[in-house]
Amino acid sequence: MGKALEGVRILDMTHVQSGPTCTQLLAWFGADVIKVERPGVGDATRGQLRDIPDVDSLYFTMLNHNKRSITLNTKSEKGKEIFTRLIEECDVMVENFAPGALDRMGFSWDRIQKINPRLIYASVKGFGPGPYQECKVYENVAQCTGGSASTTGFDDGPPLVTGAQIGDSGTGLNLALGIVTALFHREKSGRGQRVECAMQDGVLNLCRVKLRDQQRLAHGPLHEYPQYPNGTFGDATPRAGNASGGGQPGWVVKCKGWETDPNAYTYVIAQAAAFPGLAKVIGRADWLEDPEWNTPEARLPKLEALFHEIEKWTMTKDKFEVMEILNPLNVPCGPILSMKELAEEPSLRKTGTVVEVDHPTRGKYLTVGNPIKLSASPAEVKRSPLLGEHTEEILKKVLGFSDDEIKAAQSCGAVGDEHVTADALRLKSTSFG
Ligand SMILES: CC(C)(COP(=O)(O)OP(=O)(O)OC[C@H]1O[C@@H](n2cnc3c(N)ncnc32)[C@H](O)[C@@H]1OP(=O)(O)O)[C@@H](O)C(=O)NCCC(=O)NCCS
């Protein structure tokens, strides 16, 4: 049996991160993803944060695996004609341009539906309908406007953005789910539909527990927050430092080597059920008999002191030793793993979560593979396409163009003539990871 999404053809008008992360997932599930890029220019990320001159950046390569690239000027007359043909031949169109860009090209939802009523048209925008709907948005803007930044960081410091791309890659995930759901619906209805995901909504969805806390605040201070009992609460969910978002107290504590290693830390959750084991292992068995410490309620106002005592013990062990000792005691904990450690972790290589890929002009590099594992449809990570690598192939095999028609489209500038032939690439490339 083939891949889960084999036979689904995606017209990929995405760029930067949010859209490409969605279409990359669909490609990993087996969809044929045709990435449309401007002739001679391409997705801006091809040239952003380049580590090797004149070579597609890691930014681009790590977000565009398993896709084909066609260069097409969708603003020229001939380009619009070809674009219309592509809409006819595809099941899904995905875009994350600034608001209105597709309408300005002349492709409104009404027109698209007329061209292909079965097409699913999926978009990412920064905001949904409302005062900011026309704004351009990047990751950190979404984190700031979606509730993440106001609730991240320490109480006495400024709002913080996180390293996880929750606005971009998070919204890309939402969009992929919307597309697959719409495809499922199309099986029954025979019709496509619009799928719209706003980055602000995506971030807010991931901050659900913080909206929960906003409402709890009306009924008194939030006991699990470090501000309790000595600090003050305002009228909005405050920043909680490293406190756990759930009902179990947790914190980041230092481990052996913290003076020189910025990641010699671990997260420990002092869950009630496992507390006796934790107290004993850190040398505080006395707490178990002490009414000042032996109930979760008694400990709640003293979490700072509690984690200080835990830290005195963790500082005598490295973060992996802490994990080895606490896990058998059912104490949830997690070492702070650096990107270097994750890149080198053999188990992640084995599961395909971290993959080495070969690229004809860049050579070998590491990427994050598909985080969603399907037993009957495992993802095989293939390198990203060079700009316009598949232009002729797509015109010929998807749209049925003759050689003369391809030449005519190239000579008027509707499609690019990058002339990267598959044969030339085969000579340069080795394996595809
Ligand atoms: C990401 C973002 C800020 C980038 O903005 P930008 O670099 O100015 O790019 P735009 O999306 O405005 O598109 C640039 C132009 O290129 C045009 N273009 C894109 N592909 C084209 C093609 N193949 N042929 C011809 N023109 C093309 C667009 O139509 C648009 O033209 P217009 O401004 O005349 O309408 C913006 O696209 C955006 O807000 N997107 C939605 C939210 C989002 O996904 N953000 C996360 C990005 S990770």
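Read the numbers this way: they start at 1 and go in the same order the structure lists the ligands and their atoms. Residue indices begin at 1 and follow the sequence shown.
Below 4.0 Å from some heavy atom of S18 lie the following atoms of ligand 1, by number and element: 43 (C), 44 (O), 46 (C), 48 (S). Listed by atom number, the atoms of ligand 1 under 4.0 Å from M199 heavy atoms are 42 (C), 43 (C), 45 (N), 46 (C). Contact atoms of ligand 1 toward Q17: 48 (S) (distance under 4.0 Å to a heavy atom of the residue). Short contacts between ligand 1 and V124, defined as distances under 4.0 Å to a heavy atom of the residue, involve ligand atoms 41 (C), 44 (O).
Residue contacts with ligand 1 for E139 are absent, since no atom lies close enough (heavy atoms, distance under 4.0 Å). Counting heavy atoms under 4.0 Å from ligand 1, residue M13 does not touch it at all. Heavy atoms of L72 found under 4.0 angstrom from ligand 1 belong exclusively to the backbone. Contacts between R104 and ligand 1, counted as non-hydrogen atom pairs separated by less than 4.0 Å, involve the side chain only.
Side chain to side chain, Y225 and D155 fail the donor-acceptor criterion of an N or O pair below 3.5 Å. S402 and D404 share no side-chain donor-acceptor pair at under 3.5 Å. If you check the side chains of T237 and Q214, you find a donor sitting under 3.5 Å from an acceptor.
Rounded to the nearest 0.5 angstrom, I269 CD1 and N330 CG are separated by 12.5 Å. Atoms CZ and CZ, from R118 and R186 in turn, are 4.0 Å apart once rounded to the nearest 0.5 Å.
The N/O atoms of K75, backbone and side chain alike, include one that comes under 3.5 Å of an N/O atom in ligand 1. On a distance-only criterion, D168 and ligand 1 share no N/O pair closer than 3.5 Å. The distance criterion of under 3.5 Å between nitrogen or oxygen atoms is met by A98 with respect to ligand 1. Polar contact with ligand 1: present for V137 (N/O pair, distance under 3.5 Å).
Protein heavy atom closest to atom 9 (O) of ligand 1, with residue, atom name and distance, is H15 CE1, 3.6 Å. Scanning all protein heavy atoms for the shortest distance to atom 6 (P) of ligand 1 gives K136 NZ, 3.7 Å. Nearest to atom 20 (N) of ligand 1 among the protein's heavy atoms is F97 CZ, 3.5 Å. Among protein heavy atoms, the minimum distance from atom 21 (C) of ligand 1 is reached at R38 CG, 3.6 Å. Of the protein's non-hydrogen atoms, the one nearest atom 1 (C) of ligand 1 is Y138 CE2, 3.8 Å. Shortest contact from atom 29 (O) of ligand 1 to any protein heavy atom: M105 CE, 3.1 Å. From the protein, the heavy atom lying nearest to atom 40 (N) of ligand 1 is N96 O, 2.9 Å.
Just one of I115, N73, L72 meets the side-chain contact (heavy atoms from CB on, under 4.5 Å) condition when paired with F83; it is L72.
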